[in-house]
**Student:** 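Below: one structure in structure tokens.
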Amino acid sequence: MTQPRIIVHGGAWTIPADRQKAHIDGCRAAVDAVWGELQRGMPALEAVRLAVNVLEADPTYDAGRGAVLNADGQIELDAAIMDGATLNFGAVAAVRNFLHPVDIARKVMDTEFCFLVGEGAERFAHEAGIGAIDPAELVVEREVRLYNELRARAGFSTHDAFRPQAGGNGATGGAAAADGTACNCPVGPEPAMPKGTVGAVALDAAGNIAAATSTGGTPMKRPGRVGDSPLCGAGTYADNETGGASATGFGEGIIRVLMTRSACDFLRDGGASPDDAARRAIELLHRRVAGHAGLIMLDRQGRYGVHCNTEHIAHAYALPGGGIHADVELRR
């Protein structure tokens, strides 16, 4: 019997010191909520859905309650979930009145389709018995303030939200390259902008791997914009033959390099460890499209991988000997 494993993330960005504890505690709570059941036989697909549910309900993160506002001042949510045993995949995008978009994505897996968006996804959720809520229940004051600040700022780019500041994971004075050296990218905005896409990857006792990701996207995004999170192989991927991965960061860049699929391919090609595969995927992202992101992984042997070229990545995983490791810094 395979020893189960689970790892989650709560976004990769410059997390201010006064918000780091909430990010760490939330990730730990998501692992703790499902770890016992996973050990008792819960399927990986259900484990990642439930772990992401915990994070979607936590206003700390940019997913579900607490999501960022788009350029019209509205919330639009994206999510995906994938089964590594069958390669079945479900995703939704631009849904506005549901706390747990990953639950809708999971229901999509039971249909002939893979991806539903906007009004069609919301109609499907109603038909599937998933209750809607008032979108105002998802909005938090922090995001209203941020929206008003960014609306008054000239020249803001959504990529600015992910460029490192200084002092974390090799970032010194400007943005950092994936190998930790300085690059000529412009320094991003002050570190007060939450970008906490959430995700989970799990391995169950039957040896099956699953991954799920949920997000509100990027601050001030154009209405209708869809990022990497709900795209198969970009923000979410799982394959029992290699591993599973969930990404967070500059979505347009992650899409271009199919970062989670690329990371899983690194596990297959040359037998890289998950840590090395995650590092190589982040390096690919930066080298090809100057992107900044974070990535969590599990391989079929139950080994974890975590990497980012942002200053922080909120993450947590169950330790083989018991307990939970949770942090915003990478282990060196």
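These values consider heavy atoms only, across backbone and side chains, with no hydrogens, waters or symmetry-generated copies.
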**Student:** Which pair of heavy atoms, one from Gly10 and one from Cys27, lies closest together, and at what distance?
**Tutor:** N-SG, 3.6 Å

**Student:** Does Glu252 come within less than 4.0 Å of Lys221, counting only side-chain N to carboxylate O?
**Tutor:** no

**Student:** Give a yes or no answer on whether the side chain of His315 reaches the backbone of Asp327 with a donor-acceptor pair at less than 3.5 Å.
**Tutor:** yes

**Student:** Can you confirm if the aromatic rings of His23 and Tyr61 lie within a centre distance of less than 6.0 Å?
**Tutor:** yes

**Student:** Does any part of the side chain of Leu285, heavy atoms only, come nearer than 4.5 Å to the side chain of Phe250, both counted from C-beta?
**Tutor:** no

**Student:** Taking the side chain from Asn240 and the backbone from Thr86, do they hold a donor-acceptor pair closer than 3.5 Å?
**Tutor:** no

**Student:** Could you tell me whether the side chains of His9 and Ser246 share a donor-acceptor contact shorter than 3.5 Å?
**Tutor:** yes

**Student:** Looking at Arg300, I'd like to know if its CZ atom is crowded, meaning that more than 12 non-hydrogen atoms belonging to other residues, nucleotides or ligands lie closer than 6.0 Å.
**Tutor:** no

**Student:** Considering all heavy atoms of both residues, which atom of Val140 and which atom of Pro59 are nearest to each other, and what is their separation?
**Tutor:** CG1-CB, 4.0 Å

**Student:** Do Met42 and Arg40 make a side-chain contact, defined as non-hydrogen atoms from C-beta onward lying under 4.5 Å apart?
**Tutor:** no

**Student:** Considering only heavy atoms from C-beta outward, does the side chain of Thr236 approach that of Leu231 to under 4.5 Å?
**Tutor:** no

**Student:** For the pair Asp72 (side chain) and Gln74 (backbone), establish whether a donor and an acceptor sit closer than 3.5 Å, ignoring hydrogens and angles.
**Tutor:** no

**Student:** Does Glu56 reach the main-chain N or O of Arg65 with its side chain, forming a donor-acceptor pair under 3.5 Å?
**Tutor:** no

**Student:** For Arg288, I'd like to know if atom CZ has over 12 heavy atoms of other residues, nucleotides or ligands within 6.0 Å.
**Tutor:** no

**Student:** Please check if the side chain of Tyr304 supplies one atom and the backbone of Ala318 the other of a donor-acceptor pair under 3.5 Å.
**Tutor:** yes

**Student:** Output yes when Arg153 and Glu149 qualify as a salt bridge under the 4.0 Å nitrogen-oxygen rule, no when they do not.
**Tutor:** no

**Student:** Hey, could you give me the CE/CD1 distance between Met297 and Ile209, rounded to the nearest 0.5 Å?
**Tutor:** 9.0 Å

**Student:** Is it true that Asp239 and Arg261 have a side-chain N and a carboxylate O under 4.0 angstrom from each other?
**Tutor:** no

**Student:** Checking side-chain polar atoms at under 3.5 Å, does Asp275 have a donor or acceptor matched by the opposite partner on Ser273?
**Tutor:** no

**Student:** Do the side chains of Asp103 and Arg49 get close enough for a salt bridge, i.e. N-O under 4.0 angstrom?
**Tutor:** yes

**Student:** Compute the centroid of each ring, for His126 and then for Phe98, and state whether the two points are separated by less than 6.0 Å.
**Tutor:** yes

**Student:** Between the side chains of Arg145 and Asn148, is a donor N or O closer than 3.5 angstrom to an acceptor N or O?
**Tutor:** no

**Student:** Is the closest side-chain donor-acceptor distance between Asn97 and Asp134 under 3.5 Å?
**Tutor:** no

**Student:** Compare all side-chain heavy atoms of Val68 with those of Thr218 and state whether any distance is below 4.5 angstrom.
**Tutor:** no

**Student:** Looking at every heavy atom in both Ala200 and Ala51, which two are closest together, and how far apart are they?
**Tutor:** CB-CB, 4.1 Å

**Student:** Could you tell me whether Asp25 and Arg28 make a salt bridge, using a distance below 4.0 angstrom between a side-chain N and a carboxylate O?
**Tutor:** yes

**Student:** Is there a donor-acceptor pair closer than 3.5 Å between any side-chain N or O of Asp83 and the backbone N or O of Leu87?
**Tutor:** no

**Student:** For the side chain of Arg142 and the backbone of Gly66, is there at least one donor-acceptor N/O pair under 3.5 Å apart?
**Tutor:** yes

**Student:** I'd like to know if the side chain of His312 reaches the main chain of Ile15, judged simply by a donor and an acceptor atom lying under 3.5 Å from each other, with no hydrogens or angles considered.
**Tutor:** yes

**Student:** So, do Arg222 and Asn70 sit near enough that their side-chain heavy atoms are less than 4.5 Å apart?
**Tutor:** no

**Student:** Any donor and acceptor pair, going by atom type alone, linking the side chain of Gln39 with main-chain N or O of Pro4 inside 3.5 Å?
**Tutor:** no

**Student:** Under 4.0 Å between a Lys/Arg side-chain N and an Asp/Glu carboxylate O for Arg96 and Glu122?
**Tutor:** no

**Student:** Are Val144 and Tyr147 packed together at the side-chain level, in the sense that at least one heavy-atom pair is separated by less than 4.5 angstrom?
**Tutor:** no

**Student:** Is it the case that His325 and Arg331 place a side-chain donor and acceptor less than 3.5 Å from each other?
**Tutor:** yes

**Student:** Strictly by modelled atom types, are Thr213 and Ser229 linked by a side-chain donor-acceptor pair under 3.5 Å?
**Tutor:** no

**Student:** Just by distance, do the side chain of Asp78 and the backbone of Ala94 share a donor-acceptor pair under 3.5 Å?
**Tutor:** yes

